[in-house]
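Heads up: the structure comes next, in structure tokens.
Just so it is clear, the values below take in all heavy atoms, side chains as well, and ignore hydrogens, waters and symmetry mates. Every number for a ligand or one of its atoms is a count from 1 in the order of the listing.
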Amino acid sequence: MRGLSGLNALVTGGASGIGLATAWLLAACDADVAVLDLDPSAVPEPLRGYRADVSDDDMVRTAVDAAASDLSGLDIVVNNAGIGAVGTVEDGDEGQWHRVFDVNVMGVVRTTRAALPHLRASAHAAVVNVCSIAATAGLPQRALYSASKGALQSLTLAMAADHVREGIRVNCVNPGTVDTPWVGRLLDQAADPAAERAALNARQPLGRLVSADEVAAAIVYLASPAAASVTGAALAVDGGMQGL
Ligand code: NAI
């Protein structure tokens with residue numbers, strides 16, 4: 001797939017995991033790619049790194065405008081930066097609830113808000129939000145994380161409606177458990193990491209974790225002109241968790 005020549009993309013959280021796989025695939029499809037991350041120092045060429053925390057509006061605006069200027073415009077925004085939280089509504093203090101919503105929901109608001117003036121100038125504008133099957137699946141011990149991703153899925157639908165007449169498409173992907181450094185960190189904290197990995201595999205009907213490359217392929221499809229009539233969609237890439 002080399003159909004993204006001439007398009008410019010920005011990927012938040014693009015220095016690791018799903019974001020890095022997506023940035024690489026976009027570049028392999030001939031897009032010019034900017035990565036916005038807390039620490040983009042290790043992002044390899046030809047990806048361009050921009051340092052920003054999506055919970056800081058000034059940093060986001062500065063990074064998005066710099067990327068749009070360096071790339072000569074923006075056509076694709078992948079809102080991927082996100083953080084996790086484990087527990088029920090009894091766990092975590094209010095600060096943690098605010099922090100997760102600030103990154104997982106408001107981070108998407110800030111990045112998209114900063115990118116919209118650039119997207120309006122594109123003939124192929126697309127936003128893809130990295131949501132989660134936790135938005136709809138009712139997973140145990142994920143109350144805060146699920147609530148934030150549920151809000152993000154609703155936000156995706158609202159943004160799709162708001163911007164469809166401007167020619168800006170907005171979709172989301174809902175991954176199941178993906179084999180990324182994030183999940184590696186969760187497993188490292190488990191009493192028995194091998195047993196925990198087996199449990200995560202078993203939770204998915206396909207019997208294995210989703211790969212970051214598989215999620216990236218879905219994101220790049222939604223971002224590409226091949227999906228020109230797709231907006232307001234939530235594409236599950238979850239090994240069957242949602243439907244089976
Ligand atoms: P990861 O931890 O491997 O990578 C996340 C990247 O986001 C890192 O480079 C990190 O520096 C960056 N980041 C985190 N907070 C940031 C902030 N405030 N500002 C800017 N950058 C920030 O995580 P992974 O697994 O690749 O997850 C990426 C997205 O996929 C997240 O939104 C997550 O909720 C979602 N997701 C992940 C699943 C999984 O099982 N790994 C499943 C479903 C959704």
Side-chain angles (χ1 to χ4, degrees), residues 10-25 34-44 47 49-64 67 77-86 98-111 114 128-137 139 141-142 144-153 155-156 172-189 196-197 199-201 203-204 206 208-216 218-219 234-239 241-242:
L10 175 86
V11 182
T12 70
S16 172
I18 294 167
L20 182 57
T22 301
W24 270 123
L25 185 55
V35 160
L36 182 159
D37 206 290
L38 291 174
D39 181 9
S41 57
V43 169
L47 310 178
Y50 297 83
R51 187 178 305 276
D53 181 334
V54 296
S55 66
D56 181 321
D57 196 44
D58 288 341
M59 285 184 95
V60 168
R61 283 183 188 280
T62 301
V64 169
V77 173
V78 180
N79 285 306
N80 164 77
I83 54 176
V86 175
H98 287 297
R99 174 68 188 155
V100 172
F101 269 81
D102 201 19
V103 173
N104 291 4
V105 185
M106 283 307 298
V108 175
V109 172
R110 293 183 188 100
T111 305
V128 183
N129 297 329
V130 180
C131 199
S132 169
I133 209 64
T136 55
L139 301 177
Q141 292 292 327
R142 295 290 185 277
L144 165 51
Y145 181 69
S146 299
S148 73
K149 292 298 186 176
L152 180 55
Q153 183 164 336
L155 178 64
T156 302
C172 67
V173 292
N174 285 357
T177 307
V178 188
D179 208 351
T180 66
W182 167 327
V183 169
R185 291 191 296 273
L186 269 178
L187 292 175
D188 287 346
Q189 290 161 18
E196 185 66 20
R197 179 177 278 276
L200 287 179
N201 284 335
R203 198 170 70 173
Q204 306 209 148
L206 266 182
R208 63 166 177 82
L209 299 189
V210 178
S211 76
D213 287 340
E214 290 168 327
V215 182
I219 294 169
L235 178 51
V237 189
D238 64 350
M241 276 179 85
Q242 178 179 251

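Nearest residue to atom 20 (C) of ligand 1 from Ala52, Ser16, Gly14 is Ala52 (criterion: closest heavy atom). The option with the heavy atom closest to atom 31 (C) of ligand 1, from among Val103, Asn80, Val130, is Asn80.
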Please report the C-alpha distance between Asp179 and Arg197 in whole Å, then the side-chain angles of each, then the deciding distance to 0.1 Å, and finally whether the salt bridge (Lys or Arg N to Asp or Glu O under 4.0 Å) criterion is met.
CA-CA 10 Å; Asp179 208 351; Arg197 179 177 278 276; 3.4 Å; yes
Applying side-chain hydrogen bond (donor to acceptor under 3.5 Å, both in side chains) to Gln242 and Asn174, what does each step give before you reach the verdict?
CA-CA 9 Å; Gln242 178 179 251; Asn174 285 357; 4.9 Å; no
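For ligand 1, the polar-atom distance check against Pro175 finds no nitrogen or oxygen pair separated by under 3.5 Å.
Between Glu214 and Arg208 there is a salt bridge, since at least one side-chain N of the basic residue sits less than 4.0 Å from a carboxylate O of the acidic one.
Within ligand 1, the atoms closer than 4.0 Å to a non-hydrogen atom of Gly17 are 3 (O), 26 (O), numbered from 1 in the order shown. Within ligand 1, counting atoms from 1 as listed, the ones closer than 4.0 Å to a heavy atom of Asp53 are 17 (C), 18 (N), 19 (N). Atoms of ligand 1 found under 4.0 Å from any heavy atom of Ser132 (numbered from 1 in listed order, with element): 43 (C), 44 (C).
Counting heavy atoms under 4.0 Å from ligand 1, residue Ile18 touches it through both backbone and side chain.
Summary of contacts: the protein heavy atom closest to atom 6 (C) of ligand 1 is Gly13 O, 3.5 Å. Looking only at protein heavy atoms, the nearest one to atom 21 (N) of ligand 1 is Leu38 N, 3.6 Å. Residue, atom and distance of the protein heavy atom nearest to atom 19 (N) of ligand 1 are Val54 N, 3.0 Å. Here the protein heavy atom with the shortest distance to atom 10 (C) of ligand 1 is Asp37 OD1, 3.5 Å. Shortest contact from atom 2 (O) of ligand 1 to any protein heavy atom: Arg185 NH2, 2.8 Å. Looking only at protein heavy atoms, the nearest one to atom 36 (N) of ligand 1 is Tyr145 OH, 3.5 Å. The closest protein non-hydrogen atom to atom 23 (O) of ligand 1 is Trp182 CE3, 3.2 Å. In terms of protein heavy-atom proximity, atom 25 (O) of ligand 1 is nearest to Thr180 OG1, 2.6 Å.
The shortest heavy-atom distance from Thr12 to ligand 1 is not under 4.0 Å. Using a 4.0 Å heavy-atom cutoff, Cys131 is listed among the residues neighbouring ligand 1. In this structure, Asp39 falls outside the shell of residues with a heavy atom less than 4.0 angstrom from ligand 1. A heavy-atom separation below 4.0 Å is not found between Ala212 and ligand 1. Residue contact check for ligand 1: Pro181 places a non-hydrogen atom closer than 4.0 Å to it.
In this structure, Gly82 and Val103 approach most closely via the heavy-atom pair CA-CG1, 4.1 Å. Minimum heavy-atom separation, Ala151 to Phe101: CB-CE2, 4.1 Å.
No hydrogens or angles considered: nothing links the side chains of Ser55 and Arg110 as a donor-acceptor pair under 3.5 Å.
Looking at Arg51, its side chain does come within 3.5 Å of a backbone N or O of Leu38 through a donor-acceptor pair. Checking side-chain atoms of Asp37 against main-chain N and O of Asp39 turns up a donor-acceptor pair under 3.5 Å. Remark: the backbone N or O of Gly13 is paired with a side-chain donor or acceptor of Asn80 at under 3.5 angstrom.
A side chain to side chain contact (heavy atoms under 4.5 Å, CB included) with Val108 holds for exactly one of Thr12, Thr156, Val130, Asn79; it is Asn79. Screening Ile219, Val210, Val173 for a side chain to side chain contact (heavy atoms under 4.5 Å, CB included) with Ile18, the sole residue that qualifies is Ile219.
Here the NE2 atom belonging to His98 is positioned 10.5 Å from the CG atom belonging to Leu144, to the nearest 0.5 angstrom.
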